[in-house]
Undergrad: 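Shown below is the structure under consideration.
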Amino acid sequence: MPTRAKPRGLRDFYEDPAVPVASGDERSLRQARVLAKALGPARAGQTPATVLDVGCGDGSAAAVAARVLAGHRIVGVDWSHDALRRAAPRLSSVVRGEFTNGDAAGLADSRLPPSGLPFRTACADAVLFSEVIEHLGDPDSALEELRRVLRPGGHLMLSTPNLAAWYNRGLLLAGVQPVFSEVSLRAIHGRPGSEVVGHLRLYTARALREFVAASGFEVVGITGAPFHGVPRPLRALDRAACYRPSLSSILLLHAKRV
């Protein structure tokens, strides 16, 4: 009789070094370019913008962004010790945070309540929130906390897989579980792919826009990005779908704190 897998929670799942904590560089580059345009260049004599990469994973996305956001300060934040260990060589500052209080490289405030990101209110000019929201059990509270740490008019750059990606529409019609969706933390069931990545929620472009707007943000726009896991023969089609974000593999949303 086969041995039954030991049950594990989300914390155990994300501390597993085998769990992917990075996405494709093209998504990161597209996202960083939108943010760079919004922030403008860092100028001599002016305080650089503070950008929090919340859920930084191994730091690869922030490292890509740093090339485009030269002169601005990027702080990587993640709840996984293993992810931060891998991110540290890529970033000048990393902080452990899981929407709870703690030290934050000079941005902490002892007046904070015992729950919440370890940053003072309105300390950040921008937040990168890349491929994170789909992993959260309580995305409403997460966006409330991101809004708190952003200054008024600060920028939120959020990316997440698109439930209504062009291939997912066909898969659903065929009765196949959509790509990006998961029913287990232990194995893939009923959909293409081989990696379990811990997705709990998925959004369409319309749902994402409405959700972020309801959380106290002004949505500036949504663009699309390709998915690095699309088979090579279909990559040209996947890139073409980016011109219509509602069909693209990845949704890139830019919003401002109201």
Side-chain angles (χ1 to χ4, degrees), residues 1-28 31 53-62 64 76-87 90 96-99 128-142 158-204 207-208 211 224-235 238 248-252:
M1 183 176 180
T3 302
R4 188 173 183 180
K6 180 182 178 181
R8 60 175 179 169
L10 282 176
R11 184 179 300 277
D12 297 322
F13 178 80
Y14 289 114
E15 289 291 2
D16 184 348
V19 172
V21 291
S23 190
D25 283 354
E26 183 159 357
R27 183 268 299 158
S28 302
Q31 192 173 37
D53 184 4
V54 179
C56 66
D58 67 358
S60 56
V64 171
V77 187
D78 207 287
W79 78 336
S80 167
H81 290 286
D82 181 72
L84 289 177
R85 176 185 58 79
R86 286 184 271 175
R90 292 187 167 111
R96 187 173 185 276
E98 50 178 299
F99 297 107
L128 288 170
F129 204 48
S130 306
E131 317 297 303
V132 176
I133 198 168
E134 64 271 15
H135 298 269
L136 300 180
D138 186 3
D140 302 85
S141 295
L158 184 157
S159 68
T160 190
N162 182 9
L163 174 61
W166 59 276
Y167 41 81
N168 278 345
R169 299 183 185 213
L171 290 173
L172 277 170
L173 286 174
V176 177
Q177 187 82 9
V179 174
F180 308 125
S181 65
E182 294 182 331
V183 298
S184 170
L185 290 180
R186 300 179 187 176
I188 296 298
H189 300 289
R191 72 158 173 83
S194 58
E195 289 184 328
V196 179
V197 292
H199 291 174
L200 303 179
R201 299 181 182 277
L202 288 175
Y203 300 81
T204 64
L208 186 65
F211 173 59
F227 174 46
H228 62 279
V230 168
R232 188 174 298 276
L234 299 176
R235 288 180 183 175
D238 191 45
S248 66
S249 286
I250 306 295
L251 300 170
L252 307 179

Undergrad: Starting from the C-alpha separation in whole Å, work towards a yes-or-no answer on side chain to side chain contact (heavy atoms under 4.5 Å, CB included) for I188 and V196.
TA: CA-CA 6 Å; I188 296 298; V196 179; 4.0 Å; yes
Undergrad: To the closest 0.5 Å, what do you measure between CG (L234) and OG (S249)?
TA: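 That separation rounds to 10.0 Å.
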Undergrad: Could you check whether any side-chain N or O of S141 sits under 3.5 Å from a backbone N or O of D138, counting only pairs where one atom can act as donor and the other as acceptor?
TA: no
Undergrad: With salt bridge (charged side-chain N to carboxylate O under 4.0 Å, His left out) as the criterion, how do D238 and R235 come out once you've worked through the C-alpha distance, each side chain's angles and the decisive distance to 0.1 Å?
TA: CA-CA 5 Å; D238 191 45; R235 288 180 183 175; over 6 Å; no
Undergrad: Output the distance between atom NE2 (H135) and atom CZ (R201), rounded to the nearest 0.5 Å.
TA: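 With rounding to 0.5 Å, NE2 (H135) is 13.0 Å from CZ (R201).
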Undergrad: Does D58 use its side chain to pair, donor to acceptor, with the backbone of R86 at less than 3.5 Å?
TA: no
Undergrad: Can you name the nearest heavy-atom pair linking A142 to F129, along with the distance?
TA: CB-CZ, 4.5 Å
Undergrad: Heavy atoms only: give me the nearest R27-A61 pair and the separation to one decimal.
TA: NH1-CB, 4.0 Å
Undergrad: Take L171 and V179, measure what side chain to side chain contact (heavy atoms under 4.5 Å, CB included) needs, and give me the verdict at the end.
TA: CA-CA 8 Å; L171 290 173; V179 174; 3.7 Å; yes
Undergrad: Should the pair Y167 and F180 be assigned to parallel (<30°), tilted (30 to 60°) or perpendicular (>60°) ring geometry?
TA: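 Geometry flag for F180 against Y167: tilted rings.
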Undergrad: For residues A62 and D53, report the shortest heavy-atom separation together with the two atoms involved.
TA: CB-OD2, 3.2 Å
Undergrad: Can you tell me which residue among H199, R191, H189, Q177 is in a side chain to side chain donor-acceptor pair (under 3.5 Å) with E182?
TA: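 Going through the options one by one, the only one that passes is R191.
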Undergrad: How many angstroms lie between SG in C56 and CG in L128, if you round to the nearest 0.5 Å?
TA: 10.5 Å
Undergrad: Write down the atom of G224, the atom of S248, and the distance for their closest heavy-atom approach.
TA: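 For G224 versus S248, the nearest heavy atoms are CA-OG, 3.4 Å.
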Undergrad: Heavy atoms only: give me the nearest E134-S159 pair and the separation to one decimal.
TA: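 For E134 and S159, the tightest heavy-atom pair comes out as OE1-O, 4.1 Å.
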Undergrad: Mind checking the CD-NE2 spacing from E26 to H228? Nearest 0.5 Å is all I need.
TA: 12.0 Å
Undergrad: Does any non-hydrogen side-chain atom of V176 lie less than 4.5 Å from one of P192?
TA: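 With C-beta onward as the side chain, the pair touches.
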Undergrad: Would you compute the distance between atom CG of L251 and atom CG of N162 and round it to the nearest 0.5 angstrom?
TA: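 L251 CG to N162 CG: 4.0 Å, rounded to 0.5 Å.
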Undergrad: Just by distance, with hydrogens left out, do D82 and S80 show a side-chain donor and acceptor under 3.5 Å apart?
TA: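 D82 vs S80: no donor-acceptor pair found between side chains.
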Undergrad: Please report the interatomic distance CG(N168) to OG1(T204), rounded to the nearest 0.5 Å.
TA: 11.5 Å
Undergrad: Shortest non-hydrogen contact from P161 to E131?
TA: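 Distance-wise, the nearest heavy atoms are CD-OE1, 3.6 Å.
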